There are 2 protein chains.
Amino acid sequence: MQSYTEENYLKTIYHLAEKTINVQTNAIAEQMQTKPASVTDMIKKLADKGLIDYIKYQGVTLTETGKNTAIDIVRKHRLWEVFLVDKLNFKWDEVHDVAEELEHIKSIELIERLDEFLGFPKADPHGDPIPDKNGRFAKTQFIKLIELKVGDSGTITGVSQHSSAFLKHLEKLGLTLGKQIQVSDVTDFDGSVEIQVSDKQVNISREVAKHILISSNGKN
Amino acid sequence: MQSYTEENYLKTIYHLAEKTINVQTNAIAEQMQTKPASVTDMIKKLADKGLIDYIKYQGVTLTETGKNTAIDIVRKHRLWEVFLVDKLNFKWDEVHDVAEELEHIKSIELIERLDEFLGFPKADPHGDPIPDKNGRFAKTQFIKLIELKVGDSGTITGVSQHSSAFLKHLEKLGLTLGKQIQVSDVTDFDGSVEIQVSDKQVNISREVAKHILISSNGKN
DNA sequence: AATAATTTTTAGATTTACCTAAAAATAAAA
DNA sequence: TTTTATTTTTAGGTAAATCTAAAAATTATT
Ligand SMILES: [Mn+2]
Ligand SMILES: [Mn+2]
Ligand SMILES: [Mn+2]
Ligand SMILES: [Mn+2]
């Protein structure tokens, strides 16, 4: 059994490992909003428990057990987010903090039944895949909107930034999950992208375009 | 902001205060499954925070703030229990431990929306009243089944024992909330009570009869 | 390769919630 | 009203998760 804190560390390491193979102390500290010294302490404990592999000064990687535990927490987080949005009418920018707490409730029965109650959803409100009870999920093939060329089209199926400010911005522009878009222009001056959504033209900055994930349905 | 542990202490003191005016250290220790010395430590902290009034060796009482906090936790506990039973199909004997964790999730928005989602229920799966968002609830007038005389009838509207063993036993006998009952006999030998429920005769021990709460609808 | 900058780890403390064992206060019995 | 039993509190300690400041290791730059 892991503590609330250990679970948060495992989840953080799991997410960081999606970007870099070896996860560094400083990266964990930044993500967890804590000090590198504290991270080192926790890293030792997790290594002792066999949840991570750790070589001094070389960063960490999750063991099989560690990875499974992390995925289980991610599963809970995302299922709770679906619950909050689908059943309690939260907006997609309001769910993160509450899910951050709910993900630590430890009943297995609870999460199985919640999954069923929600109709075994495959993705959370931000388009992130929900692992099934065995920890399996399809690694979705996304393209960043910024990578599309003029004329390319596709469907918004995810975001790689979960801040409330960003999500509210997208909402205001009508750029929500499932929306069909087409790139109509890329501005020379600042690289901002002009896109067609639901018969409207909207202009988004490069920064925004970087964090919108598209499942491409045809290049031209 | 209180810690998980402080909240559990407040809730325990609140429940004990329903029976005795001054709540004693030992009683808290027993309920919390901890040692009297630990209770004294916590009592001092809660008194410093203005959540309880405390005179050394004389036990404690909740302050207004302390009571409100406790009621809020009780509200969350009972709403989550309703959610588990009504929406996730848990049995009434399976919900306590999970609710014990869920009651500490601290979003106010969450609990308001959950309340609405559940249709503003007035009672939890064990018949206990659910305080509204202002902490108000009707003090229900229950009579213990054991206090009924032969011929008296009423409706099962609560239980004063939440153990899984007890609740499963009631379920097996068909003695669930809302059921109409009538006392047909009280055995001289062991004081066990014979009652009429849904055209069946069942015999229950004094111990069981003590923990079934009846809203009486007529003596004879 | 030597020096400087960065990253990571150790050392030593703090806070929270516990614990055991012993002392002090209160309540009950003789 | 002593004596005895019970309850409660203090004293002193442990374990988890954090911190700051300083030392050690690694990486980057001259
Ligand atoms: Mn989230
Ligand atoms: Mn999400
Ligand atoms: Mn309960
Ligand atoms: Mn209940």
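Since we're looking at a predicted model, the values are computed, not measured.
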By nearest heavy atom, map A:Gln58 and B:Lys44 onto DNA chain D; which one lands nearer the 5' end?
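This one resolves to B:Lys44.
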Should the pair B:His162 and B:His96 be assigned to parallel (<30°), tilted (30 to 60°) or perpendicular (>60°) ring geometry?
perpendicular
Which nucleotide in the set [options] lies at the smallest distance from any side-chain heavy atom of [X]?
{"X": "B:Tyr54", "options": "D:dT9, D:dT18, C:dT8", "answer": "D:dT9"}
{"X": "A:Ala37", "options": "C:dC19, C:dT10, D:dT8", "answer": "C:dT10"}
{"X": "A:Met42", "options": "D:dT10, D:dT18, C:dT10", "answer": "D:dT18"}
{"X": "A:Ser38", "options": "D:dT26, C:dC19, D:dT18", "answer": "D:dT18"}
{"X": "B:Tyr57", "options": "C:dA21, C:dT9, C:dT26", "answer": "C:dT26"}
{"X": "A:Lys56", "options": "C:dC19, D:dT18, C:dT10", "answer": "C:dT10"}
{"X": "A:Lys35", "options": "C:dA25, D:dC19, C:dT10", "answer": "D:dC19"}

Nearest-Å distance for atom pair [atom1]/[atom2], residues [X] and [N]:
{"X": "A:Asp41", "N": "C:dT9", "atom1": "CG", "atom2": "C1'", "value": "9 Å"}
{"X": "A:Lys49", "N": "D:dA16", "atom1": "NZ", "atom2": "C1'", "value": "10 Å"}
{"X": "A:Met32", "N": "D:dC19", "atom1": "CE", "atom2": "P", "value": "10 Å"}
{"X": "A:Asn22", "N": "D:dT27", "atom1": "CG", "atom2": "P", "value": "11 Å"}
{"X": "A:Gln2", "N": "D:dA16", "atom1": "CD", "atom2": "P", "value": "14 Å"}
{"X": "B:Glu6", "N": "C:dT16", "atom1": "CD", "atom2": "C1'", "value": "9 Å"}
{"X": "B:Tyr9", "N": "C:dT16", "atom1": "OH", "atom2": "C1'", "value": "12 Å"}
{"X": "B:Ile28", "N": "C:dC18", "atom1": "CD1", "atom2": "P", "value": "13 Å"}

Heavy-atom closest pair, residues A:Lys11 and A:Val74:
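That would be CG-CG2, 4.0 Å.
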If the cut-off is 4.0 Å, is B:Gln24 near the phosphate of D:dT7, judged by side-chain N/O to OP1 or OP2?
no
Do A:Glu171 and A:Trp92 have side-chain atoms, one donor and one acceptor, less than 3.5 Å apart?
yes
May I ask you to check whether B:Glu81 and B:His126 show a side-chain donor-acceptor distance below 3.5 Å?
yes
Sugar-phosphate only, base, or nothing, as touched by [X] at under 4.0 Å among non-hydrogen atoms:
{"X": "B:Thr25", "value": "sugar-phosphate"}
{"X": "B:Tyr4", "value": "nothing"}
{"X": "A:Thr5", "value": "sugar-phosphate"}

Checking A:Lys87 against A:Phe117: charged group under 6.0 Å from the ring centre and within 45 degrees of the axis?
yes
Determine, for A:Tyr54 and A:Lys56, whether the Lys NZ or Arg CZ falls below 6.0 Å from the six-membered ring centre while staying within 45 degrees of the axis.
no
Salt bridge between A:Glu112 and A:Arg75, side-chain N to carboxylate O under 4.0 Å?
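Yes, charged N to carboxylate O under 4.0 Å.
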Ion pair check, A:Asp72 and A:Lys76, cut-off under 4.0 Å
yes
Return the polar atom pairs (N/O with N/O) between nucleotides 4-6 of chain D and the protein under 3.5 Å, or none.
none

